[in-house]
Amino acid sequence: MATATKPKKSRPTDRKPTTPASPAAEDLNPFHIAQRQFDAAARYLPDLAPGLARFLKQPERLISLEFPIELADGTVLNFTGYRCLHSTVRGPGKGGIRYHQGVTADEVRALASWMTWKCAVADVPFGGAKGGVCFNPKEFTTSDIRKVTRRFIAALGDNIGPHTDIPAPDVNTDGGTMARIYDTYAMMHPGMNCLPIVTGKPLDLGGSLGRREATARGCLYATQRALQRGAVKGMSSLKNATVVIQGFGNAGAIAAELFHEQGARIIAASDTRGGIVRTEGLDPKAVIAHKQKTGSVVGFPGSKPISNEDILTLKCDVLIPAALENVIRSDNAEDINARIIAEAANGPTTPEADHILFARGIPVLPDILANAGGVTVSYFEWVQNIENEQWDEEEVNGKLLKKMQRATDAVLDTQEQIKASLSSIENKRRAAKMEGPRLTQVDLRMAAYILAIGRVAKVAFERGIWP
Ligand code: NAD
């Protein structure tokens, strides 16, 4: 039996940007990174009991599945898929399904744990989950991908459910994939309202207006709020701001449109095949049309080519990583030439890079805040599905704005509170004989983690540890 990793045809494969220039320098395992981030933030919560901290840090479960697909020519391929449920403390698990050749159990576990903290920062009543199937969908036909989706969802069976674990889109999955997930689950559960099993569905299948744009719109709202609150000296809005975007899919391409609408100039963009730069500004709609026609932003008329590494170090006001993990690392963080970074992608910045950027005074709006718009509108979709209602787009965007502003304020306020109470937290730690170096001021990622872990821990206590 062949495996899903063996390419069916020879096509360019996506390069997963996890290879640092200096390989020995950093541990780039995303789950190790997620755990280190948790541990670093937990030091600022001296009242958090070690046993509870350990429970909150670990995924509640990881399901690993093997399943076969028969291609049109009769070849049988085996696929490996995962679904991780990180936390159900604040509600059912929620998180996307990714199709990518770089999917691993640890990547899924990291992404699931980031979902827990993201839902807490955004204050939506979900826990964290994530799933993925390890294959490159660009090497398969639409019909093959449909079989992968149906077999994966059938194999998961009742390990997902409208009130237990609710999938959504992620890299290389979209509304069409979500429609297939709904259809497969509905076939297995006749006679019930299955719409809330999955979010990010097409509009005429219970999808929410505004969901397609929600990740990018949430990123816009968080950036605007942070700028209004003085996160970047001398820059209170996006008017005339220069913006660079790595990754030109759901999150990145729509961010280009929305930031452009607010008066920003998109000077560079990229996808797996490479990047384009035009200092006078790119017309996002025209670039999207070019990508739809040719499959890539590369070759957009009037632009110059740039590599996916060099795009990150271009001089700009706002840098938006919107592709995959570990692209801003210790080996390029010193060269970042942006005034603020808004993480539309999950996990684009390593902990070492975070330290460098914080020391250099470049604020990073962390993924668990900056891309929380997606899960927030997924939550709105889920509510609409349960009520069998459809809200108009203005209502969705208005509610999203409120949520993102509150979340951004809460993260910025937490950073200030930690700054003001460093010595009292330190005293508590010393009184409790906790080990480790002296606490220092925190960047926005740590502030968001501290806020999120505090919120989840509070609910765990309110519920009471069962039995
Ligand atoms: P997508 O598949 O729609 O787009 C991904 C884009 O990144 C594509 O343009 C692809 O060509 C590009 N890309 C992939 N590898 C690259 C590389 N090495 N260099 C440059 N570009 C590369 O996926 P998406 O849904 O836009 O997800 C992008 C990121 O946003 C992921 O980290 C995802 O987890 C995160 N995110 C997505 C959502 C959502 O609602 N879709 C929500 C929150 C977070």
Side-chain angles (χ1 to χ4, degrees), residues 12-19 30 94-103 107-108 110-112 114-115 117-119 121-122 128 130-132 136-138 167-178 198-201 207-208 210-219 222 244-256 268-276 287-288 290-292 294-298 306-312 320-328 342-349 366-379 381 400 404:
T13 46
D14 295 357
R15 193 178 73 77
K16 197 167 157 51
T18 51
T19 317
K94 186 85 189 84
I97 289 181
R98 174 175 292 195
Y99 289 168
H100 195 277
Q101 63 279 16
V103 165
E107 181 184 64
V108 171
L111 290 162
W114 289 327
M115 284 306 296
W117 314 125
K118 190 181 304 178
C119 291
V121 167
K130 203 82 176 191
N136 182 356
K138 288 175 191 157
D170 194 77
V171 173
N172 291 329
T173 57
D174 58 13
T177 325
M178 301 307 112
V198 66
T199 58
K201 298 181 292 295
S208 175
R211 174 61 185 90
R212 200 182 65 85
E213 301 83 3
T215 303
R217 192 177 291 282
C219 183
V244 168
I245 303 178
Q246 188 203 41
F248 211 68
N250 175 276
I254 299 174
S270 71
D271 57 34
T272 39
R273 291 199 210 158
I276 51 169
V287 180
I288 290 169
H290 178 79
K291 187 174 160 99
Q292 271 164 359
T294 66
S296 172
V297 298
V298 172
I306 186 167
S307 73
N308 257 314
E309 284 75 33
D310 291 345
I311 201 171
L312 294 167
I320 305 180
L324 292 171
E325 299 95 84
N326 297 334
V327 293
I328 305 176
E343 294 185 337
N346 283 307
T349 312
D367 45 11
I368 58 173
L369 167 67
N371 69 38
V375 74
T376 301
V377 176
S378 272
Y379 165 60
E381 180 176 329
L400 174 64
M404 290 309 299

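Treat the numbers as computed from the prediction; the structure is a model and nothing was measured. Just follow the structure's listing: the first ligand is 1, and inside any ligand the first atom is 1. Heavy atoms only: backbone and side chains are in, while hydrogens, waters and symmetry mates are out.
Here Glu107 pairs with Arg98 in a salt bridge; the nearest charged N to carboxylate O distance falls below 4.0 Å. Ion pairing between Arg212 and Glu381 fails under the 4.0 Å rule for side-chain N and carboxylate O. Looking at Lys118 and Asp367, no side-chain N of the basic residue comes within less than 4.0 Å of a carboxylate O on the acidic one, giving no salt bridge.
Only the backbone of Ala322 comes within contact range of ligand 1, with a heavy atom under 4.0 Å; no side-chain atom does. With a 4.0 Å cut-off on non-hydrogen atoms, Asp271 touches ligand 1 through its backbone as well as its side chain. The part of Arg211 lying near ligand 1 is the side chain, judged by heavy-atom distances below 4.0 Å. Contact annotation: for Pro348 versus ligand 1, there are no heavy atoms closer than 4.0 Å. With a 4.0 Å cut-off on non-hydrogen atoms, Thr272 touches ligand 1 through its backbone as well as its side chain. By the criterion of a heavy-atom distance under 4.0 Å, the side chain of Arg98, and not its backbone, is placed next to ligand 1.
Ligand-side atoms of ligand 1 in range of Ala345: 29 (C), 30 (O), 32 (O), 35 (C), range being under 4.0 angstrom from any heavy atom. Atoms of ligand 1 found under 4.0 Å from any heavy atom of Val171 (numbered from 1 in listed order, with element): 2 (O), 23 (O), 27 (O), 31 (C). Taking every non-hydrogen atom of Asn308 and a distance limit under 4.0 Å, the qualifying atoms of ligand 1 come out as 19 (N), 20 (C). Less than 4.0 angstrom separates some heavy atom of Leu324 from each of these atoms of ligand 1: 15 (N). Here is the list of ligand 1 atoms found below 4.0 Å of a heavy atom in Asn172: 2 (O).
The structure places CD1 of Ile254 at 8.0 Å from OG1 of Thr215, a figure rounded to the nearest 0.5 Å. Atom-to-atom distance recorded for Lys291:NZ and Arg273:CZ is 7.5 Å, nearest 0.5 angstrom. To the nearest 0.5 Å, atom CH2 of residue Trp117 and atom CG of residue Leu369 are 16.0 Å apart.
In the model, Asp174 has no side-chain atom that pairs as donor or acceptor with a side-chain atom of Asn250 under 3.5 Å. Side-chain atoms of Thr173 and Asp170 form no donor-acceptor pair, as typed in the model, at a separation below 3.5 Å. For the residue pair Thr199/Lys94, the side-chain donor-acceptor check at 3.5 Å is satisfied.
At a 3.5 angstrom cut-off on N or O pairs, Gly249 counts as close to ligand 1. The distance criterion of under 3.5 Å between nitrogen or oxygen atoms is not met by Lys138 with respect to ligand 1. In terms of polar-atom proximity, Lys118 is not counted as a contact of ligand 1, lacking any N or O under 3.5 Å from an N or O of the ligand. At a 3.5 angstrom cut-off on N or O pairs, Asn371 does not count as close to ligand 1.
The closest approach between any non-hydrogen atom of Lys291 and ligand 1 is below 4.0 Å.
Heavy-atom proximity to atom 7 (O) of ligand 1, evaluated over Gly247, Ala253, Gly274, Gly374, is greatest for Gly247. In the candidate list Ala251, Ser296, Ala323, Ala323 is nearest to atom 31 (C) of ligand 1, counting heavy atoms.
Side-chain atoms of Asn346 do not come within 3.5 Å of backbone N or O of Leu111 as any donor-acceptor pair. Of the possible polar contacts, none joining the Asn326 side chain to the Pro348 backbone as a donor-acceptor pair under 3.5 Å is found.
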